[in-house]
Amino acid sequence: MADLKSTFLKVYSVLKQELLEDPAFEWTPDSRQWVERMLDYNVPGGKLNRGLSVIDSYKLLKEGQELTAEEIFLASALGWCIEWLQAYFLVLDDIMDSSHTRRGQPCWFRVPKVGLIAANDGILLRNHIPRILKKHFRGKAYYVDLLDLFNEVEFQTASGQMIDLITTLEGEKDLSKYTLSLHRRIVQYKTAYYSFYLPVACALLIAGENLDNHIVVKDILVQMGIYFQVQDDYLDCFGDPETIGKIGTDIEDFKCSWLVVKALELCNEEQKKVLYEHYGKADPASVAKVKVLYNELKLQGVFTEYENESYKKLVTSIEAHPSKPVQAVLKSFLAKIYKRQK
């Protein structure tokens with residue numbers, strides 16, 4: 001894995017160099033320096049799970065055949081396109097949320113002299129993706145399918161973000177809107193498509209597959225993405241900040257979290273009043289009251305039950321798939337997230 005990661009990072013350097021010499025723009029030393037610093041700050045700093053998943057999935061689809069240097073490069077380039085997409089979403093997301101830190105350092109727009117130039121940097125990050133695709137995939141039979149795939153997933157993600165943002169509008173906070181179906185829609189569009197479906201879809205395309213034949217795979221991956229986000233919501237409240245690397249703020253932020261939706265389903269009138277009064281307040285005493293209520297409702301047990309149920313359903317769906325290599329890809333994704341602590 002470490003070896004795979006170092007190969008993957010080398011491909012980042014190649015792609016970055018190509019982008020900094022893109023013939024469609026007349027570069028100056030200042031502009032080149034700005035873009036290089038912006039890329040290094042925002043693109044390679046995460047866990048790189050999405051990008052590395054493209055290579056992992058492609059290897060499994062090839063059933064253990066040794067990949068050529070070119071195949072590894074192309075799978076890595078697509079993995080980086082997903083990391084670029086992620087960087088673009090995060091740079092703009094942090095501005096929208098007025099966040100302070102990301103991956104243990106100040107958000108890009110909080111860096112001195114960057115400010116709202118970060119909005120344009122987000123647009124640049126988005127535009128780097130078709131530049132990479134054009135340079136390395138233009139001659140491939142699946143080139144148009146790749147462009148379509150990235151465009152569609154970006155649209156789905158932005159639409160999911162929109163539902164999330166209009167649900168938590170200042171002055172219109174209304175817990176009665178929070179239902180499991182709203183939670184599922186936000187998560188499906190905002191997270192599941194680009195984090196779970198996109199890496200596998202990229203691997204399927206370079207393996208010569210037609211995505212129209214893999215609707216079932218998309219459905220399973222979207223279900224996995226929803227399960228992943230429910231885990232995230234759970235860890236935000238009950239996880240160990242040391243392990244997760246951050247302190248959860250879903251309660252203060254009035255998030256449509258799986259926990260609050262479940263609490264609303266399970267609580268009596270008295271408990272509901274407590275939720276309505278204290279959910280979404282930044283005051284530590286209010287947050288503590290919500291957490292006490294979550295414990296009264298035994299939400300940790302409810303989550304464990306949900307986790308086991310989801311896992312069983314996913315395994316059943318995966319094992320019903322006719323292709324063993326595709327099963328292997330889906331099982332490797334599930335293994336990475338089942339019972340995770342961070």
Side-chain angles (χ1 to χ4, degrees), residues 93 96-101 159-192 222-314 337-342:
D93 213 24
M96 290 179 242
D97 293 346
S98 300
S99 299
H100 287 270
T101 56
S159 302
Q161 170 73 340
M162 177 266 304
I163 312 174
D164 196 14
L165 292 167
I166 63 174
T167 307
T168 52
L169 272 174
E170 264 317 310
E172 291 182 32
K173 291 182 172 174
D174 178 6
L175 271 184
S176 66
K177 291 186 208 161
Y178 284 6
T179 60
L180 267 186
S181 69
L182 174 70
H183 179 267
R184 185 195 53 74
R185 282 178 67 212
I186 292 173
V187 172
Q188 175 175 345
Y189 290 101
K190 189 179 165 179
T191 306
V222 166
Q223 288 311 315
M224 227 181 272
I226 293 168
Y227 160 60
F228 177 83
Q229 186 58 49
V230 172
Q231 284 178 315
D232 228 42
D233 292 354
Y234 174 81
L235 291 169
D236 184 272
C237 178
F238 293 110
D240 172 14
E242 287 293 310
T243 313
I244 324 170
K246 61 178 181 183
I247 293 165
T249 57
D250 283 359
I251 296 173
E252 297 93 312
D253 297 343
F254 198 73
K255 282 286 179 207
C256 181
S257 154
W258 184 82
L259 292 172
V260 79
V261 169
K262 275 292 169 197
L264 287 163
E265 275 183 14
L266 298 166
C267 62
N268 60 32
E269 285 310 307
E270 211 46 51
Q271 292 167 320
K272 197 173 267 188
K273 275 188 198 144
V274 173
L275 264 185
Y276 271 76
E277 192 181 333
H278 297 286
Y279 197 74
K281 289 192 174 156
D283 153 45
S286 287
V287 173
K289 282 187 176 138
V290 173
K291 287 190 176 180
V292 166
L293 179 59
Y294 284 176
N295 284 318
E296 278 173 21
L297 295 168
K298 300 191 168 55
L299 286 189
Q300 284 178 277
V302 176
F303 169 75
T304 304
E305 206 173 299
Y306 165 86
E307 178 159 60
N308 294 335
E309 201 51 40
S310 299
Y311 183 73
K312 267 193 284 201
K313 273 190 195 151
L314 284 165
I337 61 171
Y338 182 51
K339 292 215 180 285
R340 69 190 176 96
Q341 296 301 310
K342 59 177 182 178

Spatial distance of atom CD1 (I251) from atom SG (C237) [nearest 0.5 Å]
4.5 Å
Let me confirm one number: the CD-OG1 distance from E309 to T304, rounded to the nearest 0.5 Å.
12.5 Å
Check for a donor-acceptor pair, side chain of T179 on one end and backbone N or O of L182 on the other, with a separation under 3.5 Å.
yes
Quick check: does any side chain N or O of D97 sit under 3.5 Å from a backbone N or O of S99, one acting as donor and the other as acceptor?
no
Checking the side chain of D253 only, and the main-chain atoms of K255 only, is there a donor and an acceptor separated by less than 3.5 Å?
no
Can you tell if the side chain of K339 reaches within under 4.5 Å of the side chain of N308, non-hydrogen atoms only?
yes
Is any side-chain heavy atom of T167 closer than 4.5 Å to one of F254?
no
Indicate every side-chain donor-acceptor pair of residues 292-300 with a distance under 3.5 Å to a residue at least two apart or in another chain.
| residue | atom | partner | partner atom | Å |
| --- | --- | --- | --- | --- |
| N295 | ND2 | K291 | O | 3.3 |
| E296 | OE1 | Q271 | NE2 | 3.3 |
| Q300 | NE2 | Y234 | OH | 3.3 |

Main chain of L259, side chain of S257: is a donor-acceptor contact present, judged purely on distance under 3.5 Å?
yes
Do H183 and V260 pass the side-chain contact (heavy atoms from CB on, under 4.5 Å) test, and can you show the C-alpha distance, the side-chain angles, and the key distance before you say yes or no?
CA-CA 10 Å; H183 179 267; V260 79; over 6 Å; no
Tell me which donor-acceptor pairs under 3.5 Å the side chains of residues 223-230 have, and how far apart each pair is, sequence neighbours excluded?
| residue | atom | partner | partner atom | Å |
| --- | --- | --- | --- | --- |
| Y227 | OH | Q231 | NE2 | 3.2 |
| Y227 | OH | E307 | OE2 | 2.8 |
| Q229 | NE2 | D233 | OD1 | 3.0 |

Between K273 and E269, is there a donor-acceptor pair closer than 3.5 Å when you use the side chain of the first and the backbone of the second?
no
Minimum side-chain heavy-atom gap Y276-L264 below 4.5 Å
yes
Could you point out which residue of Q161, M162, R185 forms a side chain to side chain contact (heavy atoms under 4.5 Å, CB included) with K190?
Q161
Just wondering, are more than 12 heavy atoms of other shown residues or ligands nearer than 6.0 Å to NZ in K313?
no
Say you draw a straight line from CD1 of I163 to CD1 of I186; how long is it, rounded to the nearest 0.5 Å?
6.0 Å
Separation of W258 CH2 from D236 CG (nearest 0.5 Å)
13.5 Å
Step by step, work out the ring-ring contact (aromatic ring centres under 6.0 Å, His included) result for Y311 and Y306.
CA-CA 8 Å; Y311 183 73; Y306 165 86; over 10 Å; no
